[in-house]
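Each remark here refers to the structure printed beneath this line.
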Amino acid sequence: MLDDLSFEVRKLSEMYAFTSLQMHEAIGRKAGLTGTDHKYLGFIMKKGKMTAGEISILTGLTTGSVTALIDRFEKKKLVKRELAKDDRRKVMVVPNTEEITNLLVPLYREFREETENLITSFSDEEKRILQDYFSRAIEVMNKIRQQINSKK
């Protein structure tokens with residue numbers, strides 16, 4: 001049984017996750033994408049050139065869903081398919097970083113600025129506590145996700 005403060009922190013963490021989903025869905029819609037598509041686009045941009053299979057592993061989507069995702073992104077000129085130089089049978093998905101940046105950066109500008117202001121308002125000790133919480137929470141989520149995926 002959680003004490004009152006621990007319960008409140010857990011509830012706030014849950015509310016943070018819900019609110020984050022709502023915000024990303026709104027940003028995705030404004031960009032002409034779904035909330036999940038725009039987050040997957042962020043994965044692709046951060047990871048760089050990769051195969052559809054690698055995208056499937058990264059996102060947890062089926063290969064068919066990844067193909068449809070890539071098709072949607074390619075239609076908007078956010079990615080392109082190109083043959084791998086070392087194996088021309090392999091198709092690489094290459095993010096169009098400039099186009100993605102032009103699309104998403106303006107939509108995130110205020111959020112990024114306000115988040116940076118919020119973070120800098122905390123002491124170094126408080127930031128280390130937040131860093132520890134988020135790092136450990138990510139580990140928990142990855143562990144549970146891997147357990148769920150291994151039971152398919």
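Positions are given from 1 along the sequence. The analysis underlying the following values was restricted to heavy atoms, covering all of them including side chains, and did not include hydrogens, waters or symmetry mates.
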side-chain hydrogen bond (donor to acceptor under 3.5 Å, both in side chains): pairs with one or both residues in residues 63-75, sequence neighbours excluded: Asp37-Arg72, Thr62-Ser65, Asp71-Arg81, Glu74-Arg81
Pairs involving residues 116-125, ordered by first then second residue, that meet side-chain hydrogen bond (donor to acceptor under 3.5 Å, both in side chains) (sequence neighbours left out): Ser123-Glu126
Step-by-step side-chain contact (heavy atoms from CB on, under 4.5 Å) determination, Ile129 to Tyr133: CA-CA 6 Å; Ile129 291 168; Tyr133 168 77; 5.5 Å; no
Are there more than 12 heavy atoms of other residues, nucleotides or ligands under 6.0 Å from atom [atom1] of [X]?
X      : atom1 : value
Tyr16  : OH    : no
Lys127 : NZ    : yes
Glu110 : CD    : no

Geometric class of the His24/His38 ring pair [parallel <30°, tilted 30-60°, perpendicular >60°]: tilted
Short side-chain to backbone donor-acceptor contact, Ser56 and Leu61, under 3.5 Å: yes
Closest non-hydrogen atom pair between Gly48 and Pro95, with its separation: C-CD, 3.9 Å
Straight-line distance of Thr59 OG1 to Ile44 CD1, nearest 0.5 Å: 8.0 Å
Met50 side chain reached by Leu58 side chain, heavy atoms, under 4.5 Å: yes
Residues Lys76, Glu99: salt bridge by 4.0 Å N-O rule: no
Pair Arg10 + Glu14, salt bridge at N-O below 4.0 Å: yes
